[in-house]
Structure formats: C-alpha cells, structure tokens
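Below: the structure, in structure tokens.
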Amino acid sequence: MRRGLVLCSLLVLALGACARGERRFDAARAFGHLEAQVALGARVPGTPAHAAARDLFVEHFRATADTVWLHSFEQVIPLDSSRVRADNVVAVFNPDAPYRICLGAHWDSRARADEEEDPALAALPVPGANDGASGVAVLLEVATALAARPPAVGVDLVLFDVEDGGVHEQPETWALGSARFVADHPSYRPAFAIVVDMVGRRGLRIPREGNSMAAAGGLVNVVWEIGRELELSCLVDSTSAPVFDDHVPFLRARIPAVDLIDLADPNWHTTRDLPDACAPESLDEVGRLLLGVIARAEASRQR
Ligand SMILES: [Zn+2]
C-alpha cells in the first residue's frame, strides 16, 4: 500500500514535469513546414495541392492541439470568378479558458502571379513561400511548442483560406476567409488577434502596419515591447501604409488586432516567391515573438 502510494506520487511528479516542458521554437523544423507546403505546389483554392495542404495542417494540429475543426464554406474567388470550397483550419488549445487569444495566418496561394511583367509568367500561380507558407509555418511550429507546455490561457490558431484571391484597388475582395470566420462566429470574442503574413523573407523587416496602429495602437506597442525584450531585429519603428489583411475583419468587429507583415518583398505576387528567398532565422524571430506574446498573456492573467 505504502509502496503503491510512493509509486503513484512519483508518477504524478513525472507527469507534472512533462506537462511543464519547455516551449521551444525550432527554426529548422519551421522552415521544413514552409518547404513542405511549397513542395505540394501552389495552394490555389479548388486544386489538389490546396486540399493536400489542408489535410496536412489538420494532421499536424490533431497531433498537437486539444481540438481541431474546419470552418468550411463555398466562395467565389474575385480574381477569376471560380467557385470553390474554402476551409479555415482552427486549432484550439485550452478550450475551456474564457480568456482567449487568436493567432492567424492565411494559407491559400494566389492563382496568378500578376506582378510579373512577362504575361506567360503572370498567368502562373504564386508559389507562395513567403506569401502564405511562412505565416502558416510559424503557427504550425507554435502548435508544437504549445503541445510541450499547454497554455494557461486559451489560444486559437486559425489558418485563413481565400485571403489572396482579391482584385487590386478593391479591398473588400481580399481577406475573405477571415471576414467569413468573424461574421459566422459573432460570439467569438478573443481578447485580441495577431495575424502573421509574409514573415519568411531573408532580412525580414516588419513595420508598424497602418490599420493596426489606427485601431489597436496599444496592442502594437505591447508587441513591439516584447520584441525589444527578446532583442529581435525584425521589428522596425516606422509605420507603413494601411494594409487590408486578415486582421481587418477583427478590427471591424472591435476586436483589437495587429498585422505583422513585411511589405518590402521584391518577389511578392511573382513566380520567384520561393524558399530560396526565405530564411529559418526570420521564422524564428516571429515564432519566438508569438511565444513571448502568449507568455505575456499568461503572466498578466495570473496577476
Ligand atoms: Zn498575397
């Protein structure tokens, strides 16, 4: 009996130690997630590569998160008028926690590389190493880190579909997956949302994005403060022009939201948006920043 009790206590201690494992962002593994997405082909909605990527994400989240679900809907893509099935992929950590934060990235690829001058190249899809795969790669690795030590606050990782099928000069034709996600779940009120988009470029530079500053400047300041504490080099203090990205539907719903986006990528919407131009160090900075944001949320809730 007594020995049984001792064994039982040891087991509880061991399990406790396991549950309090280190959260570590593995940059090489994150970069592997980026390469794996690009290797599938452009994740253009309606294509087999798109479906294969979605299945890959679901499999990864099933192994790391508490729950995984798909928010599926039909969507007409403004860029080419195709009608497709679209899926936002949602990974939930600590589902019962009332205080929740949302971290998002878009996972679809643009059907046309319309920044190319050569019309033959402009008709091809964007490989989307930076534009799409980078943000997703960071969130997949954040999921692995959270699995090592489950968060004390609720964390929802959302991979948004159909962000990148828009028409230029028509902002409302972009970020359709996040708009639908917010519209279809009016009772979902996270404390804040952070979107990561185009965060993989070698020599990453993220300015304070204009819409985030206008509507959630306090949250931007907190994120930049955490970046300073972590001695990150990617965050710069200039403010960019406003960008219509997946954070805008949250802002419109009066949920504070920040878009972490590098607008200076010369390969944006071209066929050169490939892993060669990206770097594990860039994913590492953004991944550690998001883990820092989660740790800050946990600390502030415990006070
Ligand atoms: Zn894009």
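Keep in mind that what you see is a predicted model, and the values were worked out from it rather than measured. Just follow the structure's listing: the first ligand is 1, and inside any ligand the first atom is 1.
Counting only N and O atoms by type, the side chains of Asp245 and His106 include no donor and acceptor under 3.5 Å apart. Looking only at atom types and distance, the side chain of Asn221 has a donor-acceptor partner in the side chain of Arg208 under 3.5 Å away. With hydrogens and angles left out, the side-chain atoms of Asp197 and His247 include no donor and acceptor closer than 3.5 Å.
Here Arg110 does not pair with Glu116 in a salt bridge; the nearest charged N to carboxylate O distance is not below 4.0 Å. With salt bridges taken as basic N to acidic carboxylate O contacts below 4.0 Å, one links Arg296 and Glu229.
In summary, an N, O or S atom of Asp164 is located under 2.8 Å from the Zn ion (ligand 1). At a cut-off of 2.8 Å, His106 is not counted among the residues with an N, O or S atom near the Zn ion (ligand 1). Within the 2.8 Å limit, Glu163 places no N, O or S atom next to the Zn ion (ligand 1).
Sorting the N, O or S atoms of His269 by how far they are from the Zn ion (ligand 1) puts NE2 first. Asp131 contributes OD2 as its N, O or S atom closest to the Zn ion (ligand 1).
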